[in-house]
Amino acid sequence: MIDIQLVRDNPERIKQKVAEKNMKVDIDLLLKLDVEWRALQQEVDELRRKRNELSSKLKSGKPDQNLIDEGKQLKIELADREGLLDKSKAEFDNLLFRVPNPHSDDVPVGNEDSSVEIKRYGDCNKTGATDHLDFAVARGWVDFERGAKVAGTKFYFLKGELALLENALLQYGLSVMADEGFTFMTVPHLVNARTATGAGFSPRSDKESNEYFVEDEDLSLIATAEMPITGYHTDEILDEKDLPLLYAGYSACYRKEAGTYGKHTRGLFRVHQFNKLEMYAFCLPENSLELHERILGIEEKIWQEIDIPYHIINIASGDLGSPAAKKYDIEYWSSVDNAFRELTSCSNCTDFQARNVNIRVKRADGTLQLVHTLNGTAISMARALVAIIEHYQNADGSLNVPKVLQKYMGGKETI
RNA sequence: GGAAGAUUCGCCUAGUGGUCUAUGGCGCCGCCUUGGAAAGGCGGUUUGGGGGCAACUCCAUCGUGGGUUCAAAUCCCACAUCUUCCGCCA
């Protein structure tokens, strides 16, 4: 969540930022509730002070019936005020939680089409490739029909060499992560509500949610390893000398993707379950801007080494999502769609997630500060396979193996 | 899923209704001592919120949430987590 102090100090700026993010939160109501709950808090504190005073009078000597009666009266009054306070504070908290992280000033303002291209790599004009699904089905590499039989639409089996190629991508990704100083981790695929909402994902009550929830349990299936890793250091005070903490989490990602039919949904591009190697960083506040660029640089290195043409876009405010202050996407050039398609995404969430899950760092001067958190896709397997099939296919139905993956495919140059 | 035990201020730990504004140790910080250090001595050291320029002060915080009571770390209830054992099982 956002620091309420920012809202108190400059409500007009926050209103504008919320509007620019295409979100609706009643900031005036938030400020009204802020005043209200704090006034109630003061009343409650004062009543509690009286109670403490009274009970210390009763500590010694024999019980005084007058004081006991006074205490009983105080207790009734306190219960009444505490009830009002709880209600007011809960209302305030709910509203505060809905305020998004204000985007950085260098984020383009507007909707999706206002996102700004900041770089291109490779040949982004190529056309005429065979669709990845047709190509892969012809080779018996992917089976959506049987996926539907065992789970439902948009579930699939990967088979044979394509499944092995996914494994090769993971091995390659892990070697890059190791070179870059990231600690590899596997993660729980289910997280509790505090962790899910802490990372900025929908609460259970949200019917539009992209997450799957487990019935009768306080658990949701993760949509990304970002969720469990956000919660990894919950309620901890980190040591300044240990930062930045760099983690690479590998997990399956589960997404409902309801209502997205028709938007590049063919084949492996948008599915209910896929595997992803995700980078995640906890760092000092003053270092997050630089680290964001570094994470983007690692993503670029991966796609340059695999050699897929792409461009980088600075995502516009209206398409940012709640927790991100700034986000870069890498979109590869689809030689089937003749358009750019999202491949990776990296966000600077500043202190927004850290405030939710209470992760702080003890600074050299002894003060405590919230850390900043960042996340970025290293390799999202299903989409990576789509891009590789589009760019490495041969007319005879065979597929060249990208050079950096060959050593993880038993040295094969073609499959 | 069942049983027993546990959960206290970074870590370990004392604490069975008012003397807890929570004990002691370790660690950490400051000072004394020293040529310098170690040892030793003295003092400080949970976190969050409110008020105040400040000194300071008020409230909360002993896993979480309820309850009993004038008063709860302490008594009662529920839940969570951990440990051990049983069951099941890759």
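Residue numbers begin at 1 in each chain, while the letters A, B, ... track the order of the sequences.
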Contact list (N/O, under 3.5 angstrom) for nucleotides 59-62 of chain B vs protein:
unit_1: B:C59; atom_1: OP1; unit_2: A:Asn52; atom_2: ND2; d: 3.3
unit_1: B:C59; atom_1: O2'; unit_2: A:Asp45; atom_2: OD1; d: 2.6
unit_1: B:A60; atom_1: OP1; unit_2: A:Arg51; atom_2: NH2; d: 3.3
unit_1: B:A60; atom_1: OP2; unit_2: A:Asn52; atom_2: ND2; d: 3.2

By ring pair (Phe, Tyr, Trp, His ring centres under 6.0 Å), A:Trp303 pairs with (sequence neighbours left out) none
Around atom CZ of A:Arg146, are there more than 12 heavy atoms of other residues, nucleotides or ligands at under 6.0 Å? no
Among residues two or more places apart or on two chains, list those pairs meeting ring-ring contact (aromatic ring centres under 6.0 Å, His included) that have a residue in residues 142-172 of chain A. A:Phe144-A:Tyr156, A:Phe155-A:His272
So that I know where these two stand, are A:His292 and A:Tyr328 an aromatic pair - ring centroids less than 6.0 Å apart? yes
Review item, nucleotides 76-81 of chain B N/O atoms under 3.5 Å of protein N/O:
none

Interatomic distance at P, B:C11 relative to B:C62, whole Å: 16 Å
For A:Glu286, is the CD atom crowded, meaning more than 12 foreign heavy atoms sit under 6.0 Å from it? yes
Is any side-chain nitrogen or oxygen of A:Lys75 closer than 4.0 Å to OP1 or OP2 of B:U69? yes
Could you work out the separation of B:C42 and B:U33 based on their C1' atoms and round it to a whole Å? 11 Å
Identified salt bridge (charged side-chain N to carboxylate O under 4.0 Å, His left out) counterpart of A:Glu82 within the set A:Arg48, A:Lys75, A:Arg51: A:Arg48
Strictly by salt bridge (Lys or Arg N to Asp or Glu O under 4.0 Å), give each pair with a member in residues 396-411 of chain A just once, sequence neighbours left out. none
Using the P atom in both, what is the distance from B:U45 to B:A71, to the nearest Å? 30 Å
Taking only the P atom of each, what is the distance from B:A4 to B:C77 in whole angstrom? 13 Å
Considering only the P atoms, how many Å lie between B:C79 and B:G27, rounded to the nearest integer? 42 Å
Protein-nucleic acid N or O pairs under 3.5 Å, nucleotides 45-48 of chain B:
unit_1: B:U47; atom_1: O3'; unit_2: A:Arg360; atom_2: NH1; d: 2.9
unit_1: B:G48; atom_1: OP1; unit_2: A:Arg360; atom_2: NH1; d: 2.8

P atoms of B:G51 and B:A55, separation to the nearest Å: 16 Å
For the C1' atoms, the ones on B:C82 and on B:C28, what distance do you get once it is rounded to whole angstrom? 28 Å
